[in-house]
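See structure below.
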Amino acid sequence: MEYLRLKRQAREQLKSEDGYALSVRRMHEPERVFGQIKNNRGFRRFLLRGLPKVSLEVGWAFTCPSFAEESCKG
């Protein structure tokens, strides 16, 4: 039952004031980018295989929203 103990411990840490502040701070910025990539751009699976190729594919996927954001600023 190590799993249940660790799960309870994590829940207690998140319920603490410091844990809640950390989780709120962490969830804001990355969610927007991941949501854009998955939902708006349809990026659900890697087309290439192997760590170097996947790294390249992820790089392109994460670079595109940055370019789109900059182009909207004018």
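This structure is a prediction, so every number in the text was calculated from the model and none was measured.
Clustering of Ile, Leu, Val, Met, Phe, Trp and Tyr by side-chain heavy atoms under 4.5 Å joins Tyr3 with Met1, Leu4.
Annotation: side chain to side chain donor-acceptor pair (under 3.5 Å) contacts of Arg44 (sequence neighbours excluded): Asn39. A search for salt bridge (Lys or Arg N to Asp or Glu O under 4.0 Å) contacts involving Arg5 returns Glu2, not counting sequence neighbours.
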Sequence neighbours excluded and cut-off under 3.5 Å, please list the side-chain donor-acceptor pairs for residues 47-59, or say none.
residue: Arg49; atom: NH1; partner: Phe46; partner atom: O; Å: 3.1
residue: Ser55; atom: OG; partner: Leu51; partner atom: O; Å: 2.9
residue: Glu57; atom: OE1; partner: Leu47; partner atom: N; Å: 3.2
residue: Glu57; atom: OE1; partner: Leu48; partner atom: N; Å: 3.2
residue: Glu57; atom: OE2; partner: Leu47; partner atom: N; Å: 2.9

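Under the salt bridge (charged side-chain N to carboxylate O under 4.0 Å, His left out) criterion, no residue pair touches residues 6-19, with sequence neighbours excluded.
For the residue pair Gly19 and Ser16, the shortest heavy atom distance occurs at N-OG, 3.1 Å.
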